[in-house]
Amino acid sequence: MFHSIEKQLSHAFRAHIQARYGIDLPIAVEQPRQSDFGEMAVAAAFQLAKQLRQAPRKIAAELAAEIGPIEGVAGMEVAGNGYINIRLDRGAYAFGLLRGDAQAPIARDDKIIVEHTNINPNKAAHIGHLRNAALGDTFVRMLRARGQRVEVQNYIDNTGVQVADVAVGFHHLENKNAADVKALIADASVRFDYYCWDLYARISGYYKDHPESLRWRAAALHAIEAGEGDLAELAHAVADAVVEAHLATMLRLGVEYDVLPRESEILHLRFWASAFELLKERKAIYLESAGKNAGCWVMPGLSEEGKVIVRSDGTVTYVGKDIAYQLWKFGLLGKDFFYRPFKTYQDGRVLWITTDDPAAEPGRFGHGSRVYNVIDARQSYLQDVVVAGLRGLGYDEQADQSIHFSYEMVALTPRSCADLGIPLSEEDKKRSIVEVSGRKGLGVKADDLMDTLIAKAREEVDSRHPEASAGERGRIAAQIAIGALRYFLLKFTRNSVIAFDLQEALSFEGETGPYVQYAAVRARNILRKLEERGERSPDFAAELGREALARQLQAEDFWQVLLAASKADSAVDRAVTAGEPAHVAKYAFQVAQAFNNFYHQYPVIHEENREKKVFLLWMTDFFRAQLERTAAILGIEIPDYM
RNA sequence: GCGCCCGUAGCUCAGCUGGAUAGAGCGUCUGGCUACGAACCAGAAGGUCGGGUGUUCGAAUCACCCCGGGCGCACCA
């Protein structure tokens, strides 16, 4: 509702300015600094002032006088040096909300691909991975809330160095063969992804002390690539088991995927060979004849020496494969995976995985019109190489539609390491922040963090609701803990480094997920209490007319609070444009805050005046709906009680 | 050396793409549970927006230069 008036206003001004002054100007609708200035403001007069060589205030007066009536707008006034402040028709606005006028999002045919999570399947997930998944998943929910078709991909690098390293660890450090590892995976008393976490740190340390053992890695990579022998079998068993663990971890957070494209299929289906031909044919890469890159296929332009894509021994670098993969996402490779269903989520969504078996299903994924790669900021150079690759092939449009959805890392402070019992080197102790490192086994495991949060929420729930069953208390504690975690990961904007603080992450008060949940629970409680008292929830549309709404909304308090709650679409829209899930989180908090204030000030059920009571109930129900919707976009569930 | 990110209240962070008197949470202090359960609400204190120069009607926001912190810049991924 708010959003559609914003758009109407913007169009009306743009058209009027075009007709009146012959200037085409995109009009931004702003929010006035103070609420008594009105609900919206247009600053177009400032932009016009320069071109028209007239005082902004004079132009603003002209605009306001001449633009004519706009639906839903009750008045305009010129303020300050040239602002046009807009006042809405409160009764009409509320009546529109009550009737549910918010227009359905426009369904689009084109598909957006969002790739996120992408964890190397060789060890347990840590908080850094959680930030990636929470950002990616929330952005997907934001896009879908706007009616956009979205495909979620979680790329699995099951043949890479990191998996090879753990395979080497099993083989050389623990003398285990594929059968032993499979037995370990089947052993319910062992958390296999945690086991690998430790083993990965061990083998990394071993390489450091015994550099000559790096040939084990090379041999393992070779075996995995050939897909033959016990070591390859072992590596696949590791990757498959760890992928399952990651999917389970992410499901706890409410994160689901559509397809798992795997590196092994990119290899077996020879994606790279096709990309290589394209790159050579269109001269996006060249064979270097001299210098330090002699004998390599190099992509020029990114640095003086260019970026090596194919090594002098003929093997392709990771970026090369990534270019092939990016081409596939746009449907430009001329090759496709085969797919089989991998699992079905509780909500019925089917997760597919790639396969090289031609008997399986062909093309149902890829062919995106835009691609978001949720990858941390440290990899921006490589993302630039991939985009340069598309450009080199002449795919400028797709290059423009390749978006590196980058975010800064989650780091630990030396203090939080001490709290968590993580030992640090003397060097690290002096730093302001310490990078999470799988290689060093340094970090907070995702499942451990969730367990800690759930235990803390459980204490709170237990003390408040001793009468509830243990199972129910557990379920609610989990909802609260996950709400707290998702909000914590989302409240920071993407390019802010999160210095992880356990105390802060564990907080359920103030600007947190549980605060938002609590407001929604309170709204539900009012409506439930009403029915417990034997009263029916009124038929709002029948009892509240436009005049009644206008009458009640003369109270500034009610109007401000309703206004705040009605801006969800506008907030999501801005957040999508800015690429910032944090904006949605902030908005959810503000709505919750407005409701908590309303809740405290106005007893709804005990209101004596019938019209006012129905109005307050409607406000409560509207808040509830908006809070639930916004929380759902953040992936936060609302518990039955708190 | 080159490139990217960050620097805003004691702490952690917003600041809607250049607009009106710079905001929030935490912490501190004061007050509020016989209302729909206080995981809440109200109020107070707290700022040279790292520093400087410029661009213009207007700069936390844009440009340039410093200072401080972080991250990249492989025939690793």
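Note: hydrogens, waters and symmetry copies are ignored here, and every other heavy atom, side chains too, is used. Per chain, numbering begins at 1; letters A, B, ... match sequence-line order. This one's a predicted model, so the numbers in the text were calculated from it and none came from an experiment.
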Open item on the list: Please report the distance separating the P of B/G18 from the corresponding atom of B/C64, rounded so that it comes out in whole Å.
Closed with: 15 Å
Task: Sugar-phosphate only, base, or nothing, as touched by A/Ser406 at under 4.0 Å among non-hydrogen atoms - done: nothing
Task: Side-chain N,O (A/Arg522) to OP1/OP2 (B/A39) below 4.0 Å - done: no
Could I get a table of every N or O pair under 3.5 Å where one atom is in the protein and the other is in nucleotides 68-73 of chain B?
residue, atom, partner, partner atom, Å
B/C71, OP1, A/Arg431, NH2, 2.9
B/C71, OP2, A/Arg431, NH2, 3.3

Open item on the list: By the 4.0 Å heavy-atom rule, please label A/Ala294 as base, sugar-phosphate, or nothing.
Closed with: base
Open item on the list: Hydrogens and angles aside, do A/Ser264 and A/Asn158 bring a side-chain donor and acceptor to less than 3.5 Å of each other?
Closed with: yes
Open item on the list: Please give me every residue in residues 480-490 of chain A whose heavy atoms get under 4.0 Å of an atom in RNA chain B, ordered by residue number.
Closed with: A/Ile480
TODO: Test A/Asp573 against every option in A/Lys7, A/His3, A/His583 by the side-chain hydrogen bond (donor to acceptor under 3.5 Å, both in side chains) rule and name the one that passes.
DONE: A/His3
- [ ] Remember a base hit wins even if backbone is also touched, and classify A/Val604 as base, sugar-phosphate or nothing at under 4.0 Å, heavy atoms.
- [x] base
- [ ] Classify the nucleic acid contact of A/Asp157 as base, sugar-phosphate or nothing, counting any heavy atom under 4.0 Å across all strands shown.
- [x] sugar-phosphate
Open item on the list: A cation-pi test, strictly: NZ or CZ of A/Lys491 under 6.0 Å from the centre of the six-membered ring of A/Phe488 and no more than 45 degrees from its axis. Yes or no?
Closed with: no
Open item on the list: Taking donor-acceptor contacts at under 3.5 Å, does the side chain of A/Asn85 reach the base of B/A20?
Closed with: yes
Open item on the list: In whole Å, measure the gap between the P atoms of B/A45 and B/A22 for me.
Closed with: 15 Å
Open item on the list: Does A/Val163 reach a base, just sugar-phosphate, or nothing at all? Heavy atoms under 4.0 Å.
Closed with: nothing
TODO: For nucleotides B/C13 and B/G27, find the distance between their C1' atoms and express it as a whole number of Å.
DONE: 14 Å
Task: Syn/anti state for B/U17 [syn: chi within 90° of 0] - done: syn
Solution key, residues 290-301 of chain A side-chain donor-acceptor pairs under 3.5 Å, sequence neighbours excluded:
residue, atom, partner, partner atom, Å
A/Asn293, ND2, A/Glu305, O, 3.3

TODO: Between B/G37 and B/G23, how far apart are the C1' atoms? Round to whole Å, please.
DONE: 31 Å
Open item on the list: When the P atoms of B/C41 and B/G3 are compared, how many Å lie between them, rounded to an integer?
Closed with: 48 Å
Open item on the list: Does A/Arg131 qualify as a cation-pi partner of A/Tyr407, given the criterion of NZ or CZ under 6.0 Å from the six-membered ring centre and within 45 degrees of its axis?
Closed with: no
Open item on the list: Salt bridge or not between A/Arg574 and A/Glu580? Use side-chain N to carboxylate O under 4.0 Å.
Closed with: no
- [ ] Would you mind classifying the nucleic acid contact of A/Tyr515 as base, sugar-phosphate or nothing, using non-hydrogen atoms under 4.0 angstrom?
- [x] sugar-phosphate
Task: Aromatic A/Tyr207 / basic A/Arg217 pairing, under 6.0 angstrom, 45° off normal - done: yes
